Amino acid sequence: MGLLVPLLLSRPYLRRRGAGEEVKQKIVAFEQDEDGDWLAVLACDHRQHVRHNPPLVSRPWVQTETGRNQFLGYELNCKRCDDETDAAVLGS
(Lines give C-alpha, C1' and ligand atoms only; values in the text may rest on other atoms or scores of the structure.)
Protein backbone atom coordinates (compact mmCIF):
# COMPACT_ATOMS: atom_id res chain seq x y z
CA MET A 1 0.00 0.00 0.00
CA GLY A 2 2.96 2.34 0.51
CA LEU A 3 3.48 2.67 -3.25
CA LEU A 4 -0.19 3.28 -3.97
CA VAL A 5 -0.47 6.52 -1.97
CA PRO A 6 2.25 8.45 -3.89
CA LEU A 7 0.79 7.18 -7.18
CA LEU A 8 -2.66 8.47 -6.28
CA LEU A 9 -1.28 11.80 -5.12
CA SER A 10 0.66 12.24 -8.36
CA ARG A 11 -2.51 11.71 -10.39
CA PRO A 12 -5.14 14.14 -9.14
CA TYR A 13 -7.65 12.92 -11.72
CA LEU A 14 -7.88 9.60 -9.86
CA ARG A 15 -9.44 11.25 -6.82
CA ARG A 16 -12.76 9.61 -6.12
CA ARG A 17 -15.79 11.65 -7.11
CA GLY A 18 -19.44 10.82 -7.45
CA ALA A 19 -20.88 9.60 -10.74
CA GLY A 20 -21.78 12.53 -12.98
CA GLU A 21 -19.45 15.02 -11.25
CA GLU A 22 -17.06 17.01 -13.43
CA VAL A 23 -13.31 16.56 -13.04
CA LYS A 24 -11.44 19.83 -13.67
CA GLN A 25 -7.82 19.76 -14.87
CA LYS A 26 -5.37 22.60 -15.49
CA ILE A 27 -4.04 23.31 -18.97
CA VAL A 28 -0.28 22.71 -18.89
CA ALA A 29 0.54 23.07 -22.61
CA PHE A 30 -0.89 23.22 -26.10
CA GLU A 31 -0.16 21.15 -29.20
CA GLN A 32 -1.64 20.79 -32.66
CA ASP A 33 -3.20 17.67 -34.13
CA GLU A 34 -2.58 16.39 -37.66
CA ASP A 35 -5.26 18.77 -39.02
CA GLY A 36 -3.71 21.82 -37.36
CA ASP A 37 -6.42 22.10 -34.69
CA TRP A 38 -5.26 23.06 -31.19
CA LEU A 39 -5.36 20.64 -28.28
CA ALA A 40 -5.02 21.60 -24.64
CA VAL A 41 -2.69 19.24 -22.79
CA LEU A 42 -4.17 18.78 -19.33
CA ALA A 43 -2.44 18.04 -16.02
CA CYS A 44 -3.83 14.49 -16.19
CA ASP A 45 -2.00 14.06 -19.54
CA HIS A 46 -5.26 13.84 -21.48
CA ARG A 47 -5.78 16.10 -24.49
CA GLN A 48 -8.85 18.13 -25.38
CA HIS A 49 -9.56 20.12 -28.52
CA VAL A 50 -9.93 23.87 -27.99
CA ARG A 51 -11.17 25.05 -31.36
CA HIS A 52 -12.27 28.50 -32.43
CA ASN A 53 -15.34 27.60 -34.47
CA PRO A 54 -17.81 30.51 -34.45
CA PRO A 55 -20.71 30.82 -34.01
CA LEU A 56 -20.82 27.52 -32.12
CA VAL A 57 -17.60 27.97 -30.13
CA SER A 58 -15.86 31.30 -29.73
CA ARG A 59 -12.25 30.90 -28.62
CA PRO A 60 -10.29 33.52 -30.58
CA TRP A 61 -7.51 33.33 -27.95
CA VAL A 62 -6.48 29.89 -29.24
CA GLN A 63 -5.35 31.37 -32.56
CA THR A 64 -2.31 33.20 -31.14
CA GLU A 65 0.59 32.09 -28.97
CA THR A 66 -0.04 35.02 -26.63
CA GLY A 67 -3.68 34.02 -26.24
CA ARG A 68 -2.81 30.37 -25.55
CA ASN A 69 -0.16 31.38 -23.00
CA GLN A 70 -2.79 33.41 -21.11
CA PHE A 71 -4.82 30.23 -20.65
CA LEU A 72 -2.02 28.09 -19.20
CA GLY A 73 -3.23 27.05 -15.75
CA TYR A 74 -6.88 27.55 -16.68
CA GLU A 75 -9.06 24.61 -15.63
CA LEU A 76 -11.11 22.67 -18.14
CA ASN A 77 -13.53 19.86 -17.53
CA CYS A 78 -11.72 16.68 -18.63
CA LYS A 79 -14.29 14.46 -20.29
CA ARG A 80 -12.00 11.41 -20.24
CA CYS A 81 -11.43 11.78 -16.49
CA ASP A 82 -15.20 12.14 -16.06
CA ASP A 83 -15.73 8.87 -17.96
CA GLU A 84 -13.02 7.06 -15.95
CA THR A 85 -14.46 8.36 -12.67
CA ASP A 86 -18.01 7.40 -13.62
CA ALA A 87 -16.86 3.90 -14.62
CA ALA A 88 -14.98 3.50 -11.31
CA VAL A 89 -17.93 4.71 -9.21
CA LEU A 90 -20.52 2.65 -11.08
CA GLY A 91 -18.27 -0.41 -11.11
CA SER A 92 -17.58 -0.36 -7.38
Side-chain angles (χ1 to χ4, degrees):
M1 180 144 183
L3 292 175
L4 182 60
V5 173
L7 177 64
L8 290 175
L9 292 176
S10 68
R11 296 182 179 191
Y13 65 95
L14 291 178
R15 284 179 286 178
R16 188 173 183 91
R17 298 182 188 270
E21 290 188 44
E22 292 184 349
V23 179
K24 301 277 188 181
Q25 297 292 346
K26 289 185 179 185
I27 297 173
V28 296
F30 290 94
E31 59 186 36
Q32 286 183 289
D33 67 9
E34 62 277 354
D35 296 323
D37 291 328
W38 286 100
L39 296 157
V41 179
L42 304 177
C44 58
D45 206 34
H46 292 142
R47 273 96 173 123
Q48 187 167 313
H49 277 102
V50 283
R51 294 182 179 100
H52 176 59
N53 187 18
L56 302 175
V57 179
S58 181
R59 292 184 179 133
W61 55 268
V62 80
Q63 297 178 310
T64 66
E65 184 175 357
T66 301
R68 291 187 300 277
N69 286 340
Q70 290 176 347
F71 276 80
L72 291 173
Y74 181 82
E75 290 186 343
L76 286 179
N77 171 239
C78 180
K79 293 166 179 58
R80 286 188 58 193
C81 285
D82 286 348
D83 292 344
E84 290 173 5
T85 302
D86 287 348
V89 169
L90 296 174
S92 58

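The analysis underlying the following values was restricted to heavy atoms, covering all of them including side chains, and did not include hydrogens, waters or symmetry mates. Everything numeric in this text was worked out from a predicted model, so none of it was measured.
- Minimum interatomic distance between Lys26 and Gly73 (heavy atoms only, all atoms of both residues): CG-O, 3.5 Å.
- Using a 4.5 Å heavy-atom threshold, the side chains of Gln25 and Leu76 count as separate.
- By the 4.5 Å heavy-atom criterion applied to side chains, Leu42 and Ile27 are counted as neighbours.
- For residues 52-70, the set of pairs meeting the side-chain hydrogen bond (donor to acceptor under 3.5 Å, both in side chains) definition, not counting sequence neighbours, is empty.
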Contacts under 3.5 angstrom, residues 29-38 side chains, donor-acceptor by atom type, not counting sequence neighbours:
residue	atom	partner	partner atom	Å
Glu31	OE2	Arg47	NE	3.1
Gln32	NE2	Gly36	O	2.9
Asp33	OD1	Asp35	N	2.9
Asp33	OD1	Gly36	N	3.0
Asp33	OD1	Asp37	N	2.8
Asp33	OD2	His49	NE2	2.7
Asp37	OD2	Arg51	NE	3.2

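- Residue Val28 is found in a hydrophobic cluster whose other members, listed by chain and number, are Val41; membership requires side-chain heavy atoms under 4.5 Å apart, directly or through intermediates.
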